[in-house]
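Working notes, beginning with the structure itself.
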Amino acid sequence: MIFKNQYEQQRIEKGKALEALGKNPYQHNIVKDTSTKEFTECYAYVANENNQRDENKKNTVVGRIKFLRHMGKAAFAKIEDEHGALQVYFSKESIGEEWFEEVKKLVEVGDIILATGFPFVTKTGELSLHAKELEVATKSIVPLPEKFHGLQDKEQRYRKRYLDMIMNPEVRKTFKTRSKIVSTIRHFFEERGFLEVETPMMHPIAGGANARPFVTHHNALDVDRYLRIAPELYLKRLVVGGFEAVFEINRNFRNEGMDQTHNPEFTMIEFYWAYHNYHDLMKLTEEMFDVLLKKLKLPKKLPFGDMEIDFSKQFQKISFKDALALIGKVPYEILESRDAIIKYIIDSGNEINVKLSLGKLWEELFDLFVEEKLIDPTFIIDYPIEISPLARRSETNPDIAERFELFIAGREIANGFNELNDPIDQYNRFAKQIEAKDAGDDEAHEMDEDYVQALGYGLPPTAGQGLGIDRLTMLLTNEESIKDVILFPAMKPINENQQETEEY
RNA sequence: GACUCGUUAGCUCAGCCGGUAGAGCAUCUCCCUUUUAAGGAGGUGGUCGAUGGUUCGAAUCCAUCACGGGUCACCA
């Protein structure tokens, strides 16, 4: 039996008692004509009326009881709906003696009630609804957590997000903001002529990023499929096909560790823009942040944790190499020497794999000395080619990719580049990845011949970018854990031995 | 994966120099017709995350396991 504790049993009995009185504890066809927010806004004038009430008005409000105070022959219930809260007053006199006595016994915190009556202001000055009718819309069986401290336990908050939402209104606010972020971005791209598309989530080859994929099996075809780690290669196929500006906002899946900034499924927007370059992308990204801050009514000096992020100036642009020297304070003169870099890293008290190539060592230096210092929005440009397998090579410097990443608050937020569209070069880079894979790098890209084939038909000059929606949301809602911006974050199932499977 | 902290009533927590459990809120029974975490009186409720061990005796000490938080690693 699921509802086995004494409180739940008691509440089930109360539901039955309501039924015995001819009151369905799970009504459906109830009519609500006013939200708590509309009620408080509409009747603000009542405070100025002579007797502090307007008995000519009649409204029906529905909400979940969060507080309930019985005072003998009268009672106050604070009800909450999606947009606000309202105090409902009812008494023996107002709803009838018999029903009042039943309500006293059978209605409690957690229940969803419907109250009909007129607006008035209490002695203490709170605009309230004076109920003439009171009905139970939904009887709640499981008691709510304590009213003052609410639900604190993070595990319960993530596992039972619905309860978290009932108890913590700011959680609802965060997810509304997330929704607004997504819709703002969607409109931003649509307005600029981008076409939203949906590409496969199940891939025969996991490509477009360096990550371990989830594997599943398609029975009818008897083949394994990989949950996508990135939509990149499909979106670029669409550009080959003639869509010159496309975007997709959807989930990626990566079979890796979880922490404050990583969830196995996370949301990305990727967009591809033919006949544009990565400088256009950076400009577009700045515009997008501008629009986002305006839409969300956020200040240009955005607080985040104990930082303040300055969006009032143009985003800084600095090359990868300059960032190492100027921001990371790594001496310029060691940057061309693998041995010198290795020595520098070890001397600074860090461990390093001495087999790494120069490009990978630069990446290590960046992660160690630069990334966390990039608080205000900063584009790092001109990446080493060998850590950019899908990016176009610079015409002036073959070691450099025409690529940027955007960092804010010490974190990577976006990654964009001019797309590699030379099919032969792409084939060779895949081949190199295969070698790495054979050498034991299980995150190296796989050969995707169909993709190379697509490039063979001609991918126009195109710039493409990916931006993590979850991390963006963290930034704009000032949340420090990705779990706080994902409605149902990944959690380990509770041990089966401890679960009961008795029948109800 | 490593380290670390945590898991006690429905919820929030105390107890942890070993002697088989406490508070507040909630719930139950009363009183109370303008309360704001309402108030007053009295009650119910817990195999102290699980399994072993040490001990005359374990919520408390030890070990293993489960789940969670944090840090690190992995990971863009």
Side-chain angles (χ1 to χ4, degrees), chain A residues 3-11 13-14 52-53 66-78 85 87-95 97 100 104-105 108-110 120-128 130 140-160 163 166-167 208-212 229-230 252 254-264 266 268 350-351 353 363 366-367 371 380 383 387-388 403 405-407 411-415 442-443 466-468 471 480-484 489-499:
Chain A
F3 301 115
K4 60 177 185 289
N5 87 32
Q6 50 170 329
Y7 306 107
E8 293 162 348
Q9 284 300 312
Q10 271 167 13
R11 296 176 76 119
E13 290 308 317
K14 289 181 181 187
Q52 303 265 290
R53 59 185 55 214
K66 296 296 286 291
F67 293 93
L68 187 56
R69 290 180 275 273
H70 276 284
M71 318 262 320
K73 298 187 181 65
F76 292 91
K78 177 88 83 180
Q87 178 165 266
V88 172
Y89 169 85
F90 59 99
S91 67
K92 220 167 196 174
E93 208 172 282
S94 77
I95 64 166
E97 182 160 355
F100 183 84
K104 200 170 171 178
K105 278 185 282 186
E108 57 206 315
V109 172
F120 82 115
V121 175
T122 64
K123 265 185 187 167
T124 50
E126 181 168 348
L127 178 62
S128 308
H130 191 292
S140 157
I141 296 307
V142 185
L144 293 179
E146 197 237 0
K147 61 189 170 192
F148 188 56
H149 298 92
L151 184 68
Q152 299 293 328
D153 183 26
K154 284 199 170 172
E155 181 169 358
Q156 291 305 318
R157 292 186 47 209
Y158 297 143
R159 285 190 195 278
K160 297 186 174 179
L163 185 58
I166 291 171
M167 298 310 295
N210 293 318
R212 271 197 295 265
I229 56 176
N252 289 342
R254 298 189 184 174
N255 204 341
E256 280 155 2
M258 294 157 60
D259 61 29
Q260 285 201 327
T261 54
H262 295 84
N263 194 67
F266 63 101
M268 290 265 285
N350 295 286
E351 289 176 20
N353 178 353
E363 197 177 21
F366 188 87
D367 290 348
E371 186 167 7
I380 300 295
Y383 268 66
I387 57 173
S388 314
R403 172 185 176 195
E405 285 198 357
L406 172 63
F407 290 85
R411 290 176 190 163
E412 182 205 335
I413 294 288
N415 176 22
D442 56 0
E443 279 153 16
L467 187 150
R471 290 182 189 180
E480 56 192 25
S481 170
I482 198 168
K483 284 188 166 75
D484 291 318
M491 298 291 278
K492 245 188 180 183
I494 32 188
N495 193 347
E496 281 175 23
N497 298 336
Q498 290 178 25
Q499 283 180 326

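Lettering follows sequence order; numbering is per chain, from 1. Worth knowing before you read on, the calculation uses all heavy atoms, side chains too, and leaves out hydrogens, waters and symmetry mates.
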Without decimals, in angstroms, what is the distance between [X] [atom1] and [N] [atom2]?
{"X": "A:H262", "N": "B:U71", "atom1": "NE2", "atom2": "P", "answer": "13 Å"}
{"X": "A:R157", "N": "B:G10", "atom1": "CZ", "atom2": "P", "answer": "21 Å"}
{"X": "A:K105", "N": "B:C30", "atom1": "NZ", "atom2": "P", "answer": "9 Å"}
{"X": "A:Q52", "N": "B:U34", "atom1": "CD", "atom2": "P", "answer": "16 Å"}
{"X": "A:L151", "N": "B:C11", "atom1": "CG", "atom2": "P", "answer": "8 Å"}
{"X": "A:F366", "N": "B:C75", "atom1": "CZ", "atom2": "P", "answer": "16 Å"}
{"X": "A:L68", "N": "B:C25", "atom1": "CG", "atom2": "C1'", "answer": "14 Å"}

By the 4.0 Å heavy-atom rule, please label [X] as base, sugar-phosphate, or nothing.
{"X": "A:N415", "result": "base"}
{"X": "A:M491", "result": "sugar-phosphate"}
{"X": "A:F120", "result": "base"}
{"X": "A:G150", "result": "sugar-phosphate"}

Watson-Crick/G-U partner (both atom distances under 3.5 Å) of [N]:
{"N": "B:A26", "result": "none"}
{"N": "B:G19", "result": "B:C56"}
{"N": "B:G45", "result": "none"}
{"N": "B:C3", "result": "B:G70"}
{"N": "B:A63", "result": "B:U51"}

Of the candidate nucleotides [options], which contains the atom at the shortest distance from the side chain of [X]?
{"X": "A:N5", "options": "B:A38, B:C74, B:G10", "result": "B:G10"}
{"X": "A:K147", "options": "B:C13, B:C28, B:A37", "result": "B:A37"}
{"X": "A:Q152", "options": "B:G10, B:C13, B:U35", "result": "B:C13"}
{"X": "A:Y7", "options": "B:U27, B:U35, B:U12", "result": "B:U27"}
{"X": "A:K154", "options": "B:U34, B:G70, B:G24", "result": "B:G70"}

Within the pair [X] and [N], is there a side-chain N or O less than 4.0 Å away from OP1 or OP2?
{"X": "A:K104", "N": "B:U29", "result": "no"}
{"X": "A:K483", "N": "B:G69", "result": "yes"}
{"X": "A:Q260", "N": "B:G70", "result": "yes"}
{"X": "A:K14", "N": "B:C28", "result": "yes"}
{"X": "A:K492", "N": "B:C67", "result": "yes"}

Base [N] to side chain [X], donor-acceptor N/O within 3.5 Å cut-off:
{"X": "A:D259", "N": "B:C74", "answer": "yes"}
{"X": "A:Y89", "N": "B:U35", "answer": "no"}
{"X": "A:E108", "N": "B:U27", "answer": "no"}

In whole Å, what separates the C1' atom of B:U54 from that of B:C61? 8 Å
Using atom C1' of each nucleotide, how far apart are B:U20 and B:C48 to the nearest Å? 11 Å
Using side-chain heavy atoms (C-beta onward) and a distance below 4.5 Å, is A:V142 in contact with A:R11? no
Is there a side-chain contact between A:I387 and A:R403 (heavy atoms, below 4.5 Å)? yes
Would you check if the side chain of A:Q9 reaches a backbone N or O of A:F3 as a donor-acceptor pair within less than 3.5 Å? yes
